[in-house]
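Reading through the structure tokens given below for one structure.
By convention in this document, chain letters (A, B, ...) are assigned in the order of the sequence lines, proteins followed by strands, and residues within each chain are numbered from 1.
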Amino acid sequence: MKILFFGTPRFAEIVLQQLLHSHHTVVGVVCQSDKPAGRGNKMKSPHIVQMAKENNLPVFQFERLSEHIDNFKQIDCQLGVTASYGKYIPKALLDILPIVNVHPSMLPKYRGGTPIQSALLNGDEVTGVTIMKTNVGMDDGDIYVQQKLEILPEDDYVSMIEKTASLGAKLLLETLDKIENNTATLTPQDETQATKVKLIKKEDGLLDFSASAAKLVNKVRAFSESPVAYFFVGGERIKVHKAKLATDFENEEALLGKAGAIIPNKKRFLIQAGCGVFEILKCQGEGGKVLDASAFLNGHHFKAMVVDA
RNA sequence: CGCGAGGUAGAGCAGCUCGGAAGCUCGCCGGGCUCAUAACCCGGAGGUCACAGGUUCAAAUCCUGUCCUCGCAA
């Protein structure tokens with residue numbers, strides 16, 4: 001089939017990659033427009049543009065899709081595929097082009113823009129991927145197929161993007177074949193089970209050490225890569241890229257410290273949480289690179305210090 | 001020209017305000033203590049202090065330019 005692809009971030013890239021390797025023909029990539037980003041506020045294209053160009057695919061970066069319906073009418077394609085496009089698809093477009101969506105959760109659970117982060121934040125051990133029909137509502141279209149996927153303790157946002165996108169691509173290709181053969185079936189979502197997830201804000205990444213260490217670890221996992229969980233010590237902001245629950249910690253004296261106390265240790269970066277001990281494995285100080293905890297501690301000597309409230 | 005931080009031994013940092021013998025923590029090598037150790041003690045190697053100019057009797061330190069890294073904001 002001739003397919004028009006809608007998607008912007010890493011998740012979309014993985015799905016697109018698989019689509020390009022299939023027998024279907026991708027006729028173009030629709031993604032968000034260039035934006036000033038980073039130091040110097042230079043204009044930057046989404047990374048997926050690079051992939052599209054390498055494959056000689058036309059790229060469409062429209063600020064408002066609804067203003068370009070005529071453009072879409074001229075594109076020779078039978079089906080649209082959305083994968084983390086990042087914006088609503090207007091009804092006018094859905095009227096002229098059937099669209100299939102890849103969503104990294106077991107819908108109707110976790111509708112919205114942050115399904116993977118939400119699953120990690122909640123400490124879920126299982127999530128999934130759903131292939132469904134895109135319609136005007138928020139991830140509420142009828143379902144073609146869905147499959148569960150295990151979340152391992154060492155998984156974080158980055159690894160789950162890879163896993164869900166790979167599975168999503170596989171399910172998508174199977175679904176496309178069925179649509180092509182007219183054997184696809186649709187199942188409505190159970191509205192009574194629907195949950196919606198909120199967008200993540202940078203300030204949500206602040207670690208509150210009165211919470212349990214397990215919850216803090218989940219936050220670090222959910223916020224990995226971007227925007228990254230953080231806290232302050234002595235006025236310095238420290239970003240936590242990787243952490244774990246220190247289950248092997250046996251020093252009971254140290255455990256008497258209050259939440260947020262940094263437990264003295266030469267090689268391990270341990271912080272007392274409201275319940276349990278939080279161990280930082282990779283972190284980043286101000287103006288510095290991401291470091292292993294042991295390297296970071298070599299230059300930062302925290303004596304009896306407590307995390308800023 | 002959006003705002004800001006930084007480049008000093010293999011790693012992470014201090015020193016710079018106020019120019020005057022290159023330091024700390026870790027790693028590495030060797031030795032000692034130990035049943036033993038990621039513990040402890042002794043010794044050792046390893047740096048054109050990012051690069052290029054300038055000021056000075058003297059520059060990691062002050063001035064100018066260049067390159068690179070990172071954070072914030074959007």
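- At a non-hydrogen distance threshold of 4.0 Å, A:P36, A:A37, A:G38, A:R39, A:G40, A:N41 from residues 30-45 of chain A come into contact with RNA chain B.
- With C1' as the reference atom, B:A59 and B:G15 are 14 Å apart, rounded to whole Å.
- Of the candidates A:D139, A:D124, A:I116, A:D124 is the only one forming a side-chain contact (heavy atoms from CB on, under 4.5 Å) with A:Y110.
- Per the geometry, CG belonging to A:N298 stands 8 Å off C1' belonging to B:C13, to the nearest Å.
- A gap of 49 Å separates the C1' atoms of B:A74 and B:A21, to the nearest Å.
- A:H301 places its NE2 atom 13 Å from the P atom of B:G15, with the value rounded to the nearest Å.
- B:A22 and B:C35: their C1' atoms are spaced 42 Å apart (whole Å).
- B:A39 sits 36 Å from B:G20 when the P atoms are compared, rounded to a whole Å.
- The separation of B:C62 from B:C49, taken at their P atoms, amounts to 15 Å, rounded to a whole angstrom.
- Using P as the reference atom, B:C1 and B:C72 are 23 Å apart when rounded to the nearest Å.
- Nucleotides B:C13 and B:C3 place their P atoms 25 Å apart, quoted to the nearest Å.
- To the nearest whole angstrom, the two C1' atoms, one in B:C57 and one in B:G19, are 12 Å apart.
- At the phosphate of B:A74, neither OP1 nor OP2 sits under 4.0 Å from any side-chain N or O atom of A:K202.
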